[in-house]
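Please read the structure below before turning to the comments.
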Amino acid sequence: MTGLNRRALLVRGAGALTGAALGAEAGSPPAQEPEAGPPPAQEPKERAVLRDDFGEIAGWERLGVIMSRSLPWESTLLQDPCLVYGEGGGPLFKMWYGSLHAVGYATSEDGRRWTKADEPVLTPTLPSESNALNQPSVVLKDGGWHMTYFGVSGDGNGQIHYATAKDPAGPWEKHGVVLTSTMPWEDRWIYNSSLLYDRTARLWKMWYTAGKIASAGGEPEYICYATARTPAGPWTKHPGNPVIRPMDDGGWASLGVGGPNVRKLRDGGYETRIVGWQADYPSRGGRLTSRDGVTWRLGRDAMQLDLGPAGGPEDGMIYRQFVVEHEGREYVYYNAKNNRPGWNETINLAVWNERLRAVDPAKWCMTQAWFVPGGASFEAGDGYAMSRGDAPEGHAQTLQGNVRIDALDYAVSASITPISERVADRDNVLLARATGRDSYYYAGIASWGQKYAIGVMVKGANTKLAGVGSAADIKPGEPHRLRFALEGSRLDLYDDDRLVLSVVDPTLIPDSSFVGLQTSTGTGRARFAALSVTARGHRSEKYS
């Protein structure tokens, strides 16, 4: 790994060199007398905390764009699809979607080929929706159609509105604003609504977003919950709002969460698809579950839909997802962003596949170091993940771990085979003790112009800690079985079980962290296989 930003090595006192204290060897006899104290500690054993052979997984098989701009009233942004499936007579699939200042309607029999209504079913007619009208959520109950949607007034106040119809294609009768900001942290921005009628509780329920990520153009920050006896209100906000908060750990939903689409499951629980923002951009899709619709667990491993390949229609952002079950399979509809030309959003489709060749999004998030990704930079092969070499210049291609390692001392291993002919593009490293996209240790081959190197990245500042040999000694097509072992402040790099480099550095001593795999240039290509992470000792009490 190379970098323009360098800093002096952070030197701490001896007290910072905290590692796992090893006890006496296993099998040592216990003390013979009680006053001699407790028996010697057993040698900590290694335990596997993460493995990935990059084989087939169950996941979303992308089928591409099913709907894009084609009507005069539509903008280049087709947004936030909402569906009713198999209800209300007529076509099997019914979809409503937003396009900045209007809501459109489309139908399908197979979920793949769609017919749009020529005219929008909702357009701005009220002062409270004069600046924007989109993001529908529709429920059919007792023969009537109920829609909540987002509207923005001239002074920038975003609120949830309500409308009804006797036919899904309209006409829709508006009933005005039903949910608005009442707390400072909501930022006058009550956004994506997900409407549901709970027949068991005889209660209307709504999940919605509130607050703005100021640095991300007003994308939502929190997911909240409210209930009502009638969809026209009054709506009672849950006292524990927000019910879903961003993770603030550098992961895929670290800065903000939004786009809930909640459905009730057959077992009485709830599922929601959400959008997560890692930084200002990009956004990706995930799935959460809850027993009561109020308590949700958000973790890095909840991610299910990463960016699509660079140059494709999904390489900018993944937005709101809506799932329906059709012929025994789950279909997910979602809007995605690309920038060719300008800002475009299309409605795309993916189908759940139990045997899919793909990088597992529950284990890895594709990033480009601390930069905004310009598309997914890895693809899955037969037992390996390969960096594609199509990232923008100066961007590292990274598989950022989504499985938290609750230990200070551990080792990350992988087989790395560089493919690139250019020596600089053979720079490939293992990441460890990562606490964000811009803070981690790394060790690998052809790094810093040397055969082997170890370095540290702290808030984007890149420092070489040790190196040996020449990068030209790393040959394309030759595999290297690397093992990066960290114990306290000691960092060791092995190649085929041979110690090739060692250094002591106390910069990063986190209680828990993540690992990663990286091709350190945007144009480099390499295969990564047989990934494993083993930890020594017991889990940190803080996270056990």
Side-chain angles (χ1 to χ4, degrees), residues 1 9-10 12 16-21 44 46-52 246-255 276 278-279 297-303 360-370 396 398-414 429-444 447 454-463 465 482-494 503-518 520 528 531-544:
M1 169 175 285
L9 176 64
L10 175 63
R12 297 181 180 175
L17 304 180
T18 57
E46 286 193 344
R47 54 186 171 85
V49 292
L50 173 61
R51 295 191 186 280
D52 198 345
M247 292 183 292
D248 193 26
D249 71 343
W252 69 277
S254 186
L255 192 64
Q278 184 169 20
R297 177 194 169 271
L298 173 60
R300 285 197 182 190
D301 58 355
M303 195 183 88
D360 190 344
K363 293 180 179 178
W364 308 105
C365 178
M366 301 188 205
T367 73
Q368 292 164 7
W370 57 91
T398 306
L399 287 181
Q400 181 186 29
N402 277 341
V403 177
R404 188 175 63 181
I405 312 301
D406 292 333
L408 172 65
D409 299 333
Y410 58 85
V412 52
S413 304
V429 297
L430 307 174
L431 310 186
R433 290 188 185 165
T435 55
R437 290 188 300 174
D438 58 358
S439 295
Y440 48 81
Y441 283 118
Y442 61 90
S447 188
I454 298 175
V456 63
M457 186 79 72
V458 179
K459 296 183 179 179
N462 190 9
T463 301
L465 298 176
L482 299 183
R483 183 172 184 267
F484 186 23
L486 303 91
E487 184 174 352
S489 55
R490 181 185 172 99
L491 316 175
D492 294 329
L493 177 63
Y494 296 82
V503 70
V504 172
D505 180 77
T507 305
L508 301 177
I509 309 290
D511 288 332
S512 69
S513 59
F514 299 85
V515 300
L517 304 172
Q518 185 177 89
S520 301
F528 296 81
L531 179 283
S532 70
V533 179
T534 55
R536 300 188 67 186
H538 304 288
R539 293 181 182 274
S540 168
E541 290 184 3
K542 181 177 179 181
Y543 296 100
S544 59

Any sub-3.5 Å donor-acceptor pair from [X]'s side-chain atoms to [Y]'s backbone N or O?
{"X": "E46", "Y": "A411", "result": "no"}
{"X": "D301", "Y": "A362", "result": "no"}
{"X": "Y441", "Y": "L508", "result": "yes"}
{"X": "Y494", "Y": "A485", "result": "no"}
{"X": "W252", "Y": "G299", "result": "yes"}
{"X": "S439", "Y": "K459", "result": "yes"}
{"X": "Y410", "Y": "R433", "result": "yes"}

_Step-by-step side-chain contact (heavy atoms from CB on, under 4.5 Å) determination, Y442 to N462_ = CA-CA 10 Å; Y442 61 90; N462 190 9; 2.6 Å; yes
What's the spacing between [X] [atom1] and [Y] [atom2] if we round to 0.5 Å?
{"X": "T463", "Y": "M457", "atom1": "OG1", "atom2": "CE", "value": "8.5 Å"}
{"X": "Y440", "Y": "T507", "atom1": "OH", "atom2": "OG1", "value": "14.0 Å"}
{"X": "L482", "Y": "L430", "atom1": "CG", "atom2": "CG", "value": "5.5 Å"}
{"X": "K363", "Y": "C365", "atom1": "NZ", "atom2": "SG", "value": "15.5 Å"}
{"X": "T435", "Y": "D511", "atom1": "OG1", "atom2": "CG", "value": "11.5 Å"}
{"X": "F528", "Y": "D52", "atom1": "CZ", "atom2": "CG", "value": "13.0 Å"}

Are [X] and [Y] close enough that some pair of their side-chain heavy atoms sits under 4.5 Å apart?
{"X": "L531", "Y": "V412", "answer": "yes"}
{"X": "M366", "Y": "L399", "answer": "yes"}
{"X": "L493", "Y": "L491", "answer": "no"}
{"X": "V515", "Y": "I405", "answer": "yes"}

Of all heavy-atom pairs between [X] and [Y], which one has the smallest distance, and what is that distance?
{"X": "A253", "Y": "G276", "answer": "CB-CA, 3.8 Å"}
{"X": "G488", "Y": "D409", "answer": "N-OD1, 2.7 Å"}
{"X": "A48", "Y": "R51", "answer": "CB-NH2, 3.6 Å"}
{"X": "L517", "Y": "L431", "answer": "N-CG, 4.4 Å"}
{"X": "G460", "Y": "W370", "answer": "O-CH2, 4.0 Å"}

*asked:* With salt bridge (charged side-chain N to carboxylate O under 4.0 Å, His left out) as the test, pick out the partner of D249 among R300, R404, R437.
replied: R300
*asked:* Checking Q278 against S254 for the side-chain hydrogen bond (donor to acceptor under 3.5 Å, both in side chains) test, could you report, in this order, the C-alpha distance in whole Å, the side-chain angles of both residues, the deciding distance, and whether it holds?
replied: CA-CA 5 Å; Q278 184 169 20; S254 186; over 6 Å; no
*Stepwise side-chain contact (heavy atoms from CB on, under 4.5 Å) check, I509 with L408*: CA-CA 7 Å; I509 309 290; L408 172 65; 3.7 Å; yes
*For V49, the option from D406, V403, V533 that meets side-chain contact (heavy atoms from CB on, under 4.5 Å)*: V533
